[in-house]
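In what follows, chains carry the letters A, B, and so on, assigned in the order in which the sequence lines appear, proteins first and then strands, with residues in each chain numbered from 1.
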Amino acid sequence: MARKAAGRPQEETLSLWKREQALLKTLVVDRDTEAWQRDLAFSGLQRVGGVDVSFVKGDSVSACASLVVLSYPELEVMYEDCRMVSLTAPYVSGFLAFREVPFLVDAVQQLREKEPRLMPQVLFVDGNGVLHHRGFGVACHLGVLTDLPCIGVAKKLLQVDGLENNALHKEKIRLLKGGGDSFPLMGGSGTVLGMALKSHDHSTKPLYVSVGHKMSLEAAVRLTHGCCKFRIPEPVRQADIRSRDYIRRTLGVQGAPALRPERSKKAQRPKACPQGASEEPAEDGKVCAPPPSSSPPPGWAGPPALLATHGLQSSVPWLGRAEQRQRPSSWGPQPAPPPGPRA
DNA sequence: GCGACAG
DNA sequence: ATCTTGTCGC
């Protein structure tokens with residue numbers, strides 16, 4: 001039943017994915033768009049989110065996608081959502097978003113519908129933003145589709161555009177003094193694609209931070225440092241820990257290494273965690289900062305419309321209209337895309 | 001054959 | 001991403 005999401009996609013699929021990335025890339029905003037991002041203490045920032053996808057050992061399709069929201073600056077978990085999913089796309093370097101982003105968008109969408117007040121004001125994404133083969137990594141992709149500020153945080157340097165994890169690079173890392181120290185990662189064209197950040201005093205390996213969406217690199221690096229109790233930013237670390245625990249709990253009992261659809265109905269219940277003593281009626285204009293973030297200009301139909309203009313259909317869902325969210329897998333043994341400028 | 005390879 | 005226990009150190 002569960003098709004394998006293994007093997008390399010056909011060259012034509014990769015070509016379509018590249019076009020999709022190129023189009024959506026035009027929607028990326030690499031500057032600060034929110035007031036709190038420019039404040040030295042991030043005043044106004046109250047909720048930071050993190051996403052991650054963990055995998056089942058011997059299974060190439062089963063995984064757990066998680067979205068967590070933590071309070072800032074306390075960094076305490078106030079919302080957690082873990083769900084088992086069946087991956088449809090294989091992992092291909094440079095196309096990570098097509099494998100993981102559909103489920104993350106779904107998680108954000110569900111939060112937006114059921115607990116809008118817990119919507120994070122920024123999302124930390126496990127992977128790169130503009131530090132990418134074509135300048136559009138998973139953090140940009142998720143940012144554009146959710147319209148949320150996003151920060152790309154990778155644990156390893158993606159060697160693109162002239163960037164190399166060579167002796168010189170390693171030496172620069174060695175020269176980082178304490179937590180918060182960083183150095184720019186300049187691509188061949190002289191553009192700064194990201195920053196290598198020593199996330200805390202006793203960390204040897206740096207973090208590779210890059211802009212995802214709606215935030216400047218400077219603010220992204222500063223906030224990343226501000227969210228690190230350990231090497232990995234707490235939002236992503238919690239998403240990782242909890243998604244792995246979820247897999248252990250789901251597979252631990254009943255032994256068999258198989259997915260269990262019957263039980264998933266009851267198991268995938270997101271939960272809002274009580275925060276300190278804030279269980280209030282909460283009317284709209286309370287202590288909280290203004291709703292999520294700005295919306296696209298009126299008349300703007302969103303990413304799907306842009307793609308349609310160019311004869312493409314979204315490979316991942318979008319949070320606009322329900323009818324847009326149909327079959328996420330359009331790259332399988334499907335007929336043919338709508339008439340358009342194909343090779 | 002060799003090197004690269006976010007997660 | 002995952003494979004993997006104990007061990008050394010603060």
Side-chain angles (χ1 to χ4, degrees), chain A residues 4-9 14 17-18 21 25 50-67 82 84-105 107 123-143 150-167 169 185 187 193-197 199-213 220 224 229-233 235-237 239-248 250-252 257 316:
Chain A
K4 278 212 169 258
R8 197 179 174 78
L14 293 181
W17 285 356
K18 286 179 187 172
Q21 291 179 323
K25 174 175 161 50
V51 294
D52 189 46
V53 177
S54 291
F55 304 81
V56 174
K57 186 171 61 177
D59 196 325
S60 65
V61 304
S62 299
C64 176
S66 71
L67 163 65
C82 289
M84 291 304 299
V85 300
S86 293
L87 303 170
T88 59
Y91 168 68
V92 182
S93 179
F95 301 93
L96 176 63
F98 294 91
R99 177 171 169 81
E100 303 187 348
V101 126
F103 310 103
L104 302 179
V105 169
L123 270 183
F124 283 90
V125 183
D126 204 339
N128 293 295
V130 300
L131 173 44
H132 177 268
H133 305 65
R134 290 163 293 283
F136 192 71
V138 64
C140 298
H141 211 133
L142 185 59
C150 284
I151 299 174
V153 181
K155 295 180 285 297
K156 291 184 296 194
L157 175 64
L158 183 56
Q159 303 186 137
V160 296
D161 196 20
L163 293 175
E164 270 188 300
N165 182 22
N166 54 26
H169 181 78
L185 301 167
L193 301 176
M195 298 276 257
L197 168 73
S199 59
H200 72 90
D201 291 340
H202 300 293
S203 185
T204 302
K205 293 174 55 121
L207 242 38
Y208 296 95
V209 180
S210 58
V211 170
H213 190 45
T224 297
K229 291 163 82 171
F230 301 102
R231 179 183 174 236
I232 306 299
V236 169
R237 181 169 167 270
D240 179 64
I241 289 174
R242 288 155 193 266
S243 60
R244 298 166 86 121
D245 274 359
Y246 190 87
I247 287 178
R248 278 186 52 187
T250 300
L251 263 53
V316 299

Is there a side-chain contact between [X] and [Y] in this structure, where contact means two heavy atoms from C-beta onward sitting under 4.5 Å apart?
X      : Y      : answer
A:R8   : A:L14  : yes
A:V209 : A:I151 : yes
A:H169 : A:L185 : yes
A:V160 : A:H132 : no
A:L207 : A:P233 : yes

With A:R244, the side-chain contact (heavy atoms from CB on, under 4.5 Å) member among A:D240, A:I241, A:I247: A:D240
Protein-to-nucleotide contact annotation, 5' to 3' order, nucleotides 1-7 of chain B [B base; S sugar-phosphate only; - none; under 4.0 Å, heavy atom]: ---SSBB
C1' spacing across the pair B:dG1 / C:dG6, given as an integer number of angstrom: 38 Å
C:dT2 versus B:dC5 - spacing of their C1' atoms, nearest Å: 15 Å
A:F136 and A:H141 aromatic ring geometry - parallel, tilted or perpendicular at 30°/60° bounds: tilted
Parallel, tilted or perpendicular: rings of A:F95 and A:W17 (30°, 60°): tilted
Nucleotide range of DNA chain C lying under 4.0 Å from chain A heavy atoms: C:dA1 to C:dC3
